[in-house]
Chemist: 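What follows is a structure written as structure tokens; I'll ask about it next.
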Amino acid sequence: MTEGARSSAEEPWPVRVVSQKVGAWIAKLGWVWVDGQVAQISRRPGASTVFLTLRDPSADLSLTVTTNRDVLDAGAPELREGARVVLHAKPEFYAARGTLSLRADEIRQVGLGELLARLEKLKKLLAAEGLFDRARKRRLPFLPGRIGLITGRASAAERDVLTNARRRWPAVEFRTVNVAVQGPAAVPDIVAALKVLDADESIDVIIIARGGGGIEDLLPFSDEALCRAVFGCRTPVVSAIGHETDAPLIDYVADVRASTPTDAAKRVVPDLTEEVRLIGQARSRLQRAVRNLVDRETHRLDGLRSRPVLARPQVMVEHRATELAALRQRAGRCLDHRLTAAENDLRHTLARLRALSPAATLDRGYAIVQRADGHVVRAAADVGKGDPLRVRLADGELAATVDG
């Protein structure tokens, strides 16, 4: 690229040039088929042009559509706000205001069968992505401190939820956000209310409630954007849309599906009367259990107390005292017997000892002759003439000398 070309390319474009180029590029798109939901219809009396506001059901985006009254009457004569349509249109960019619109030459209102087919396709898509997975569904709190309620203003659904919840638990608190529950504004309103309530730390559970209606009336609750918003909530969500037979896609995404708004109140709030009754039953069972335990332990203590050792504790001491006295008597008799036997043995030994004692012999008239060195003279040859002798008698002793 040359220096001149580079400087030319870097020169800013005027707004009109940008607008013209955008308009030229859009003009190349040609005719296209567009699917959307009618948010607003403007029919001016006497005018041949009809203005529609077409909204994307899954995004916060809308476009203006212009068409001929005859085209509208031919393709969708009963077209109303909130209806789904498919139209053949050419995109047009109005350079003076910088706005994009569609010019339609054919409009077809989507039939119920086609709507149901689209919902079934969306249901399979969301199921494949795991939005219906039971494993991710959260349990509701036993007694929520505060409940968020998203419903229509002054609707029967709001009245049913509030009345039944307060009848069951009078102290329950609600934060109610009233929204459009059908029509093109329903989905944006409900998604915005979900964000507000989900961001409120005091909210423990959110209820989305609507009364019964036709399939077309309940279409907002099968919207993909709403389903994904419910899936992304950190707070448990209860879906209470329509009647038992109604099953919008939000029912599959919500943590709990209630068949009716009244059923939602019963699922979210416990019944005070029933809880009081259950507490009474629990207290009765506890009292019976304690009473039975006390009775059983009382009987066991009575059984222990009725035993002789506890009925008359002194019996054990008396019995041992009797045994001790008997043992002492036996010990005394045994000791007396042994002492008597020992005394007799001692007496006999003493008698024998006395019989064999030299003193006894001396008492009978005998004497003991000893030499001066103390040896006993047993023979005459043991002494010589003139040897001194000592003669021991029974009573005293004598000194003698051997004469011959």
Side-chain angles (χ1 to χ4, degrees), residues 139-145 169 171 270-384 387-402:
R139 297 181 60 180
L140 300 182
F142 168 72
L143 181 59
W169 198 275
D271 187 357
L272 178 59
T273 304
E274 179 66 14
E275 296 302 321
V276 171
R277 185 184 67 82
L278 293 176
I279 291 174
Q281 290 181 350
R283 292 180 63 184
S284 298
R285 288 197 300 268
L286 183 60
Q287 289 174 351
R288 287 197 300 270
V290 172
R291 190 179 300 112
N292 292 336
L293 177 61
V294 172
D295 291 343
R296 184 168 61 252
E297 294 302 318
T298 301
H299 293 326
R300 191 168 71 88
L301 289 176
D302 290 342
L304 293 175
R305 292 174 59 189
S306 64
R307 294 180 181 180
V309 69
L310 291 180
R312 294 185 65 245
Q314 65 272 22
V315 170
M316 182 174 64
V317 178
E318 292 173 353
H319 179 68
R320 298 304 177 193
T322 303
E323 290 182 352
L324 181 60
L327 290 174
R328 290 180 64 184
Q329 290 177 1
R330 287 176 56 190
R333 289 194 302 269
C334 182
L335 182 60
D336 290 343
H337 177 72
R338 294 187 66 177
L339 289 176
T340 301
E343 183 180 3
N344 293 334
D345 289 344
L346 182 60
R347 188 181 297 112
H348 293 157
T349 301
L350 183 61
R352 288 194 302 271
L353 181 61
R354 286 177 177 175
L356 297 175
S357 172
T361 302
L362 294 176
D363 287 339
R364 289 197 300 271
Y366 292 91
I368 299 175
V369 180
Q370 294 176 310
R371 294 185 311 187
D373 58 5
H375 285 84
V376 177
V377 178
R378 290 181 174 82
D382 292 338
V383 295
D387 289 340
L389 298 174
R390 190 178 64 170
V391 180
R392 293 184 61 186
L393 303 174
D395 186 13
E397 58 181 34
L398 297 174
T401 303
V402 179

Chemist: Starting at CD1 of I279, measure out to OG of S284 and round the result to the nearest 0.5 Å.
Modeler: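 Output value for this atom pair is 12.0 Å.
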
Chemist: Given L389, which of V383, T401, L398 fulfils the side-chain contact (heavy atoms from CB on, under 4.5 Å) condition?
Modeler: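 Between L389 and the candidates, side-chain contact (heavy atoms from CB on, under 4.5 Å) is satisfied uniquely by V383.
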
Chemist: Kindly give the heavy-atom pair with the smallest separation between V391 and A400, and that separation in Å.
Modeler: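 Where V391 meets A400 most closely, the heavy atoms are CG2-CB, 4.5 Å.
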
Chemist: Any non-hydrogen side-chain atom of R300 less than 4.5 Å from a side-chain atom of R296?
Modeler: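 Not touching, per the 4.5 Å side-chain cut-off.
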
Chemist: Please indicate whether D395 has more than 12 foreign heavy atoms, meaning atoms of other residues, nucleotides or ligands, lying under 6.0 Å from its CG.
Modeler: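 At most 12 heavy atoms, drawn from other residues, nucleotides or ligands, come within 6.0 Å of this atom.
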
Chemist: To the closest 0.5 Å, what do you measure between CG (D345) and CG (L350)?
Modeler: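 Atom-to-atom, D345:CG and L350:CG are 12.5 Å apart.
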
Chemist: Just verifying a value: how many Å separate R338 CZ and T340 OG1, rounded to the nearest 0.5 Å?
Modeler: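 The CZ atom of R338 sits 12.0 Å away from the OG1 atom of T340.
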
Chemist: Testing the basics here: between P270 and W169, what is the closest heavy-atom pair and its distance to 0.1 Å?
Modeler: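 Closest approach of P270 to W169: O-CE3, 3.6 Å.
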
Chemist: Counting only heavy atoms not in R392 (residues, nucleotides, ligands), do more than 12 fall under 6.0 Å from its CZ?
Modeler: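 Check fails, neighbour count at 12 or below.
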
Chemist: Between E297 and L293, does the side chain to side chain contact (heavy atoms under 4.5 Å, CB included) criterion hold? Intermediate values first, please.
Modeler: CA-CA 6 Å; E297 294 302 318; L293 177 61; 4.2 Å; yes

Chemist: Carefully, step by step, assess N344 and R347 under the rule side chain to side chain contact (heavy atoms under 4.5 Å, CB included).
Modeler: CA-CA 5 Å; N344 293 334; R347 188 181 297 112; 2.8 Å; yes

Chemist: Do V377 and R371 have side chains that get closer than 4.5 Å, going by heavy atoms?
Modeler: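 When only atoms from C-beta onward are counted, R371 and V377 do touch, with a gap below 4.5 Å.
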
Chemist: Could you measure the distance from the CG atom of L346 to the CG atom of L339? Nearest 0.5 Å is fine.
Modeler: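 These two atoms lie 11.5 Å from each other.
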
Chemist: Atom CD in Q329, atom CG in L324: separation rounded to 0.5 Å?
Modeler: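 Taking CD in Q329 and CG in L324, the distance rounds to 10.5 Å.
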
Chemist: Side chains of R330 and L327: does their closest heavy-atom pair fall under 4.5 Å?
Modeler: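 They are in side-chain contact.
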
Chemist: With rounding to the nearest 0.5 angstrom, report the CZ to CD1 distance, R378 to I368.
Modeler: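 It is 10.0 Å, given to the nearest 0.5 Å.
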
Chemist: Using atom types as modelled and distance alone, determine if a side-chain donor or acceptor of D382 lies under 3.5 Å from a backbone N or O of A379.
Modeler: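 Yes, because the side chain of D382 sits within donor-acceptor range (under 3.5 Å) of the backbone of A379.
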
